[in-house]
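Treat the numbers as computed from the prediction; the structure is a model and nothing was measured. Below, read A as the first sequence line, B as the second, and so on, with proteins coming before strands; counting in each chain starts at 1.
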Protein chains: 2
Amino acid sequence: MARTSGTGSGAKVPDLPTPPWRRGRTRPVRQPLSQSSIVAAALRVLDAGGLDSVSMRRVADELNTGPASLYVHVSSKEELLELVLDHVLGAVTMPEPDPENWRDQVKDVALRFRAVLASHHDLGRASLAAIPTGPNALLISEGLLAIMRSGGVSEQACAWVLDVLQLYISADVYETALYLSRAEHGEDPSAMAQQYLGEVISALPQDRFPTLTALMPHMVAGNREARFEFGLDIFVQGLAATQQP
Amino acid sequence: MARTSGTGSGAKVPDLPTPPWRRGRTRPVRQPLSQSSIVAAALRVLDAGGLDSVSMRRVADELNTGPASLYVHVSSKEELLELVLDHVLGAVTMPEPDPENWRDQVKDVALRFRAVLASHHDLGRASLAAIPTGPNALLISEGLLAIMRSGGVSEQACAWVLDVLQLYISADVYETALYLSRAEHGEDPSAMAQQYLGEVISALPQDRFPTLTALMPHMVAGNREARFEFGLDIFVQGLAATQQP
DNA sequence: ACCTGAACACCGTTCAAGT
DNA sequence: ACCTGAACACCGTTCAAGT
């Protein structure tokens, strides 16, 4: 299963010199539409302007055509986003399961999963919306299950925890993306969100919110990635507690 | 801080009989617009047709006015949804912290939090999008922090875990809501999603997906709520492991 | 101050007509 | 078979004009 990305210009016939009487009169090259070229165009729009800017019209524009043309290769915007998501997930590679290190391996995959989603602006929002049944998503599921099972996690726990883990990753990226889209261009969005939260808590009456105000310094400590990793630790710790001896 | 819902018809003056020459000529009663009446209307639209059907136009329609009129009391659709969310969260009551039972209390609050969001169709999608800074959301945060701290969870862990927990709850409701919106009216959406997943996994080549195919029976076992509770257990278990003696 | 009609600049999707 | 112009039925938000 070679992964060729499809957008390459593979000519079937070696290039011959064009006869002079045809030169300059050929139509501009328009590769025919295809699912993969549409996915590539959607990814370009996504990376340039975020998920909100991905509309069928904009993607069609990127391909110099109208929105109706996309529906020949893609049944809906929803399907298109699922295809983009799975394409991107191809970048998450899986390690060989090492029973001694299953905890670190799970954490490592989760962190890289998150990083890949986050690297494409706010694709995390699409990730949460999709049931992950694309080929690349399935490879990640297979890999995670193999790692956990090799570590002795019970089969039922492996199966159910997979959902939880994917939910946690997607949700975190989704929220990160939201902060990002709210922040002015150039600011650190999660720092801003934390500053805002700090202001809200400071303004609270201490008698009705004693714990929240007391813990405020801890609430705003650390950056988003540190918090995500903390959640992962809690999670893997709890999972280890279900291990069969 | 009395919580009066605002939609009640509180007349300032006792009702006097209407003089006959005015009877039938009064304009139809139109309470003036207010933030709370708009929130109530939005909630009605939400419960009737789901989050996707909540548009400024539909809400305005519900109030017999045009969309522009809403912007006097609400700055954007986003703010409106945040107000609706916090209004609904008022139904989540908090128990008095019991140090002996902090684990069960956390689980209990999380389950009720989830139930309240789920009971309003797919409001969970809005919950994930909002930074929870409404008054009712803050009361839930305060309550959860108090419970965990009384149980001896470290202050840093309390503060950070709050985010993780809210993320997990919102994400689960969000996904539930998505399945719900995809299912035909009347079907069990999560059962459908699981059946679909089962079909996908069954069709997979066993040599490349050995673990996924082997664990398939466990993947499709249990309903959505059981899975959610399982995740909660893992989570509370992991949190207990960070406890200071 | 509060409300609103009309408009602006968009959406996703369908469909008949073209090549 | 594949593509597309035009249309359908919507959006959120703004703004000048009204009361």
Chemist: If you check every side-chain atom of A/Tyr71, which of D/dT4, D/dT13, C/dT13 has the closest atom?
Modeler: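 Of the candidates, C/dT13 comes closest.
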
Chemist: At their closest point, which heavy atom of A/Ser141 faces which heavy atom of A/Gln166, and how far apart are they?
Modeler: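 Result for this residue pair: OG-NE2, 3.2 Å.
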
Chemist: So what's C/dG18 paired with, Watson-Crick or G-U wobble, going by both distances under 3.5 Å?
Modeler: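 Its partner is D/dC2 (Watson-Crick or G-U wobble, both distances under 3.5 Å).
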
Chemist: Rounded to whole Å, please give me the gap between CG in A/Leu51 and C1' in C/dC11.
Modeler: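 These atoms are roughly 14 Å apart.
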
Chemist: Counting any heavy atom closer than 4.0 Å, what does A/Ser69 reach on the DNA or RNA strands: base, sugar-phosphate only, or nothing?
Modeler: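 Since a base atom lies under 4.0 Å of A/Ser69, the category is base.
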
Chemist: Measure the distance from CZ on B/Arg58 to P on D/dC11 and round it to the nearest whole Å.
Modeler: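 Atom CZ in B/Arg58 sits about 7 Å away from atom P in D/dC11.
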
Chemist: Do A/Glu142 and B/Arg208 meet the salt-bridge criterion of a basic N to acidic O distance under 4.0 Å?
Modeler: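 Salt bridge: no.
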
Chemist: Write down the atom of A/Val84, the atom of A/Ala42, and the distance for their closest heavy-atom approach.
Modeler: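 Looking at all heavy atoms of both residues, the closest pair is CG2-CB, 3.8 Å.
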
Chemist: Which one, C/dC3, C/dT13, D/dT14, comes nearest to the side chain of B/Ala68?
Modeler: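 Ranking C/dC3, C/dT13, D/dT14 by closest atom to the B/Ala68 side chain puts D/dT14 first.
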
Chemist: Whole angstroms only, please: what is the CZ-P distance between A/Arg57 and D/dA9?
Modeler: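 To the nearest whole Å, that distance equals 15 Å.
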
Chemist: Distance check needed: C/dC3 P versus B/Met56 CE, whole Å only.
Modeler: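 After rounding, the gap between these two atoms is 14 Å.
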
Chemist: Would you call the rings of B/Tyr168 and B/Phe228 parallel, tilted or perpendicular, where under 30° means parallel and over 60° means perpendicular?
Modeler: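 Rings of B/Tyr168 and B/Phe228: parallel, under 30°.
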
Chemist: Is there a Watson-Crick or G-U wobble partner for C/dT13 with both distances under 3.5 Å, and which nucleotide is it?
Modeler: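 Because both required distances fall under 3.5 Å, C/dT13 counts as paired with D/dA7.
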
Chemist: Over how many whole Å does the gap from B/Asp61 atom CG to D/dC11 atom P extend?
Modeler: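 From B/Asp61 CG to D/dC11 P: 9 Å.
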
Chemist: Work out how far the P atom of C/dA9 is from that of D/dA9, and round it to whole angstrom.
Modeler: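 Pairwise P distance, C/dA9 against D/dA9, rounds to 23 Å.
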
Chemist: In whole angstrom, give the distance that lies between atom CG of B/Asp52 and atom P of C/dC11.
Modeler: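 Whole-Å distance recorded here is 18 Å.
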
Chemist: Which of residues 72-86 of chain A sit near DNA chain C, with a heavy atom under 4.0 Å from it?
Modeler: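 When residues 72-86 of chain A is checked for heavy atoms under 4.0 Å from DNA chain C, the hits, listed by number, are A/Ser76, A/Lys77.
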
Chemist: Hey, could you give me the CG/OG1 distance between B/Leu117 and B/Thr176, rounded to the nearest 0.5 Å?
Modeler: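 With rounding to 0.5 Å, CG (B/Leu117) is 10.0 Å from OG1 (B/Thr176).
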
Chemist: Whole angstrom is fine here: how far is it from CG in B/Leu70 over to C1' in D/dC15?
Modeler: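 Computing the B/Leu70:CG to D/dC15:C1' distance gives 16 Å.
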
Chemist: Just how far is it from atom CD1 of A/Ile140 to atom OG1 of A/Thr93, taken to the nearest 0.5 Å?
Modeler: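 With rounding to 0.5 Å, CD1 (A/Ile140) is 9.5 Å from OG1 (A/Thr93).
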
Chemist: My understanding is that only one of B/Arg57, B/Lys77, B/Arg58 makes a side-chain contact (heavy atoms from CB on, under 4.5 Å) with B/Pro67; could you say which?
Modeler: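 Exactly one option meets the side-chain contact (heavy atoms from CB on, under 4.5 Å) with B/Pro67, and it is B/Arg57.
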
